[in-house]
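This report refers to the structure that appears directly beneath it.
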Amino acid sequence: MAVVGDFLVGKALELLYGGVEKLIANNLLFESLSTDIKAKLDALRPMILKMVQRNHQPDCPEDPVLRDLRVLMEEGAVVVCKCFSKIRIWNFYKKYKYTNKLLKLNEALAKQLSLLNVRVAVVTDENNGILHELLDIANQNKSAGIEAGCALPELPSLIVGLDIPLKELKMEFFKDEVSLLVLTAPGGCGKTTLATKFCQDQDVKDKFKDNIFFATVSKKPKLELIMTELYKQKDYKVPTFQNGVFPVKWLQQNVKKEGDIPLLLVLDDVWSGSESLIQKFEFKMSNYKILVTSRSEFPRFGPSYHLQLLDDDNAMRLFHHTAFLGDKSSHIPNDLAKKIVKHCNGFPLAITVV
């Protein structure tokens, strides 16, 4: 029933929020990530309360968006609790492992926030008063910059080892016979960073102009949310999607507005099992190319470019930049630094969190 579900989502929110506040106050290892997660929860709280009010109306079933959000927050609370109780500064493996888990939680909360904004837009007119209140909250979140996937991800302050991969990626992607290319590597190798750098490269911008779209997909993709992000990136009017979601309509609208300007679509962080989603964006259309980043290759869709791990020199350079954090007086013995970097196996994400 909706009432029981609403009670549980409220409890899950408070449990996760309390854990995050405790993590911020007592564990400097995850302070920055925890602060980001708290900002997402602050934005979600008023929207959840208003949606709960709507669910308390007669004959209103449990909202599936709130149900998914409840499960996410319950799982997140478990992760946060383990971060607080089990991670020590010298335990590089666990720090890397739980940093990854917090990153995934932060991304998932951002997606749920955007999805809740979409849900707000299709509330029926019979709840008109609540609709306006919810839209006000959504607009406040937008003005505060809390919106997922509507722009390129921010690049890290130092990027190492990607100059050659960028050149190679451009050579493969610009081949006439290539309409879809999969940028693949294990997690934490820098696929998203390379894809973002690719979109900002001058050769790429000269070819595609401002007709570059970037959408983060992740483990449990929601096509409705992805399409909303794509429409918003060009300030197109977002349809309600009540009769389905059709990427072809988005493409037709773009061609009508942009003419013959080539179009680049980046689908970032596509997981194995999401072939049907990729297929929805595949069209035989000139001047239209897709770059997919994934841990999987998806050979049925086209060629792949394999991003390699960092070599020893670049790994050490990244480690020193991260370890010093701008404090030039800091010093880590060279033999210890080499052992730490070797332990990270060339994974950029692992190096930045040790």
Side-chain angles (χ1 to χ4, degrees), residues 2-25 30-57 60-81 83-84 101-123 127 129-151 153 215-222 224-226 228-229 232 238 269:
V3 174
V4 175
D6 295 341
F7 172 77
L8 293 176
V9 77
K11 295 293 289 184
L13 173 62
E14 296 309 318
L15 185 63
L16 177 57
Y17 196 91
V20 169
E21 285 191 318
K22 187 177 180 182
L23 195 60
I24 293 172
F30 304 109
E31 183 178 11
S32 178
L33 257 178
S34 302
T35 302
D36 286 345
I37 292 172
K38 182 175 179 292
K40 303 294 190 306
L41 295 175
D42 285 333
L44 281 165
R45 185 193 295 272
M47 301 191 76
I48 290 173
L49 292 175
K50 291 298 181 182
M51 290 298 290
V52 166
Q53 287 181 23
R54 175 176 175 264
N55 283 355
H56 281 172
Q57 296 182 22
C60 185
E62 182 179 6
D63 192 294
V65 175
L66 291 183
R67 182 187 63 235
D68 291 347
L69 181 57
R70 170 177 58 80
V71 173
L72 173 64
M73 291 190 296
E74 289 172 347
E75 293 173 348
V78 174
V79 171
V80 168
C81 181
C83 288
F84 180 73
K101 289 180 178 290
L102 288 177
L103 283 169
K104 293 293 184 185
L105 174 62
N106 194 33
E107 292 171 2
L109 287 172
K111 286 182 174 297
Q112 287 293 329
L113 178 58
S114 287
L115 188 60
L116 205 53
N117 282 334
V118 174
R119 174 70 70 183
V120 163
V122 296
V123 174
N127 296 316
I130 293 180
L131 171 62
H132 286 300
E133 287 186 77
L134 283 168
L135 287 174
D136 286 343
I137 295 170
N139 289 332
Q140 289 169 14
N141 289 339
K142 185 175 181 181
S143 64
I146 305 171
E147 190 168 353
C150 290
T216 303
V217 178
S218 295
K219 189 174 183 179
K220 297 180 180 179
K222 297 182 185 295
E224 179 180 323
L225 176 56
I226 293 171
T228 299
E229 294 170 358
K232 286 183 177 181
V238 181
D269 193 24

For Asn106, what residues pass the side chain to side chain donor-acceptor pair (under 3.5 Å) criterion, not counting sequence neighbours?
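Only Lys40 meet the side chain to side chain donor-acceptor pair (under 3.5 Å) criterion with Asn106.
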Contact summary for [X] and [Y], nearest pair of heavy atoms:
| X | Y | value |
| --- | --- | --- |
| Arg70 | Ala12 | O-CB, 3.9 Å |
| Ala215 | Ile226 | CB-CG2, 3.9 Å |
| Ser34 | Val20 | O-CG1, 3.3 Å |

Are Ser218 and Asp269 close enough that a side-chain donor and a side-chain acceptor fall under 3.5 Å?
yes
[atom1]/[X] to [atom2]/[Y] distance, rounded to the nearest 0.5 angstrom?
| X | Y | atom1 | atom2 | value |
| --- | --- | --- | --- | --- |
| Leu109 | Leu102 | CG | CG | 10.5 Å |
| Lys11 | Met73 | NZ | CE | 12.5 Å |
| Asp42 | Ile37 | CG | CD1 | 12.0 Å |
| Leu105 | Leu41 | CG | CG | 7.5 Å |

